[in-house]
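Working notes for the structure below.
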Amino acid sequence: MRDKLNEECGVFGIYNTRPEDTSKLVYYGLFALQHRGQESAGIAVSDGQQINYYKDEGLVQEVFDPKLLNFLHGNHGIGHVRYSTTGGTTYENAQPVVIVSSQGQMALAHNGNLVNTKELMGELESQGATFQSSTDSETILKLVAKNAMETGDVTQAIKKTMGVIRGGYAILLLTQDKLYAFRDPMGLRPLIMGRMDDSFVFASESCAIDSVKGDIIRDVKPGEIICVDADGIHSEQTKVTTTHICSFEYVYFARTDSVIDGLNVYEARINMGKRLFKETGRKADIVIDIPDSGTSAALGYSQASGVPFDKGFYRNAYIGRTFISPKQDMREIGVNFKLSPIRRNVEGKSVIMIDDSIVRGTTITRIVKSLRRAGATEVHVMITSPPVKYSCYYGIDTPDRSKLIAAKKPIEDIGIEIGADSLSYLSHEGLADCLKKSGLGTCMACFDGKYPVPVEESK
Ligand code: SF4
């Protein structure tokens, strides 16, 4: 099991392209977002008359081949990559979710998590609705379809739906001739809009728009509903309170080459490294990263401290779904199939090692051990976020609170348990300062338990 918080999904959509290009562009966009979900992938395309779709378990390149992409023919399309959690990894939970409504077919791709799904599902079921999956995404789509039947207008139906759903969401909804993009009123999950000639593009992260050579227009605003149709873009703003973009997007989830809500992820991570030096003042022979999210922060630490940066690990990037993970007893003797220390760089040296977070503490213990076996004389672990003490309910897979090492132990004890000579975390204020340049306020609930959307029902 990966000892990290996991992003649950990524979405990508495009409106008005050449029919032969649409599914391929969505495929490339999803490929750029693969880090946000590796369990399933799906694409839905509309030719103006009909929505065709295909989805399955697996990586984007495992699910789709050229024949399938040619079958998905049309001018508009959306796609989804998913990391599954409670819903399981079944086909039914893959997205986009597609239904037939009073307004014709609708397909929906969702990144995030609602905190009141059970209540909403119960209401819909009492009105006769049935569900194919266990996802909140199907609940949202069924609500939009029901509201569209009542209002006769999809934008108004989305607005009505946003009035009752609670949690984090960034959603793309495709009808036969329109594409809608909407984001939760707090802006918990990211969503950005771009342009390619006469086409409009939406994605969870800017790196996906860059990957299809689109130009960034702007982020979808918290609480905004955007509709793209043959006349262009129409925006409607719903009520927004205080905004809370997920701080973990900058710490770990997002790709280093993305910009979210005006803040460059690379720059934010460089600043986290610089701030770590300001807070700890620690010097050593070398500073190394745990790739990839620790890399920019390690560079920042080096720039601020003058401690030379070098690569501490070789990272094996070729691990597919069928890889046979070592069983518990083999893990205990230190098998680490992903990261291998570069002995030449660490032997005989005191090392500062930068990582983004500690969840259960199992992986980092093995990594510290492996550095010592490679000859490091001291291992000082530095983390670019405060201790993770609370679970997330807004679309990030976190273990139960009882499994979070920082919820159970003080920092000194964690340092001893993972075998480090010292352990330092970035302070809450330090992280907040590094994220100030984002246009939004930040969610820090997994560090401080201050949930911007109440979660009693999910606990
Ligand atoms: S609780 Fe943590 S992971 Fe979840 S949205 Fe807030 S900052 Fe992000």
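The figures here come from the full heavy-atom set of this structure, side chains too, leaving out hydrogens, waters and symmetry mates. Quick note: residue numbers are just sequence positions, from 1. As the structure lists them, so they are numbered: ligands from 1, and atoms in each ligand from 1.
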For residues 402-410, tabulate all N or O donor-acceptor pairs below 3.5 Å that involve a side-chain atom, not counting sequence neighbours.
{"residue": "Ser402", "atom": "OG", "partner": "Asp400", "partner atom": "OD2", "Å": "2.6"}
{"residue": "Lys408", "atom": "NZ", "partner": "Ser402", "partner atom": "O", "Å": "3.4"}
{"residue": "Lys409", "atom": "NZ", "partner": "Glu417", "partner atom": "OE1", "Å": "2.2"}

Would you be so kind as to tabulate the donor-acceptor pairs closer than 3.5 Å made by side chains of residues 382-391, with sequence neighbours excluded?
{"residue": "Ser385", "atom": "OG", "partner": "Asp356", "partner atom": "O", "Å": "2.8"}
{"residue": "Ser391", "atom": "OG", "partner": "Pro399", "partner atom": "O", "Å": "3.1"}
{"residue": "Ser391", "atom": "OG", "partner": "Arg401", "partner atom": "N", "Å": "3.4"}

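Of all the heavy atoms of Arg189, the ones lying under 4.0 Å from any atom of ligand 1 belong exclusively to the side chain.
Applying the 4.0 Å criterion to heavy atoms of Ser247 picks out, from ligand 1, the atoms 7 (S).
With 3.5 Å as the limit, one finds no donor-acceptor pair spanning the side chains of Gln156 and Thr151. Counting only N and O atoms by type, the side chains of Glu279 and Ser427 include a donor and acceptor under 3.5 Å apart. Between the side chains of Ser133 and Glu138, a donor-acceptor pair is found at a separation under 3.5 Å.
Within the model, atoms CD of Gln95 and NZ of Lys55 stand 7.5 Å from one another, a figure rounded to the nearest 0.5 Å.
Within the protein, the number of N, O or S atoms lying under 2.8 Å from atom 4 (Fe) of ligand 1 is 1.
Among pairs with a residue in residues 107-117, none fulfils salt bridge (Lys or Arg N to Asp or Glu O under 4.0 Å), at least two apart in sequence or across chains.
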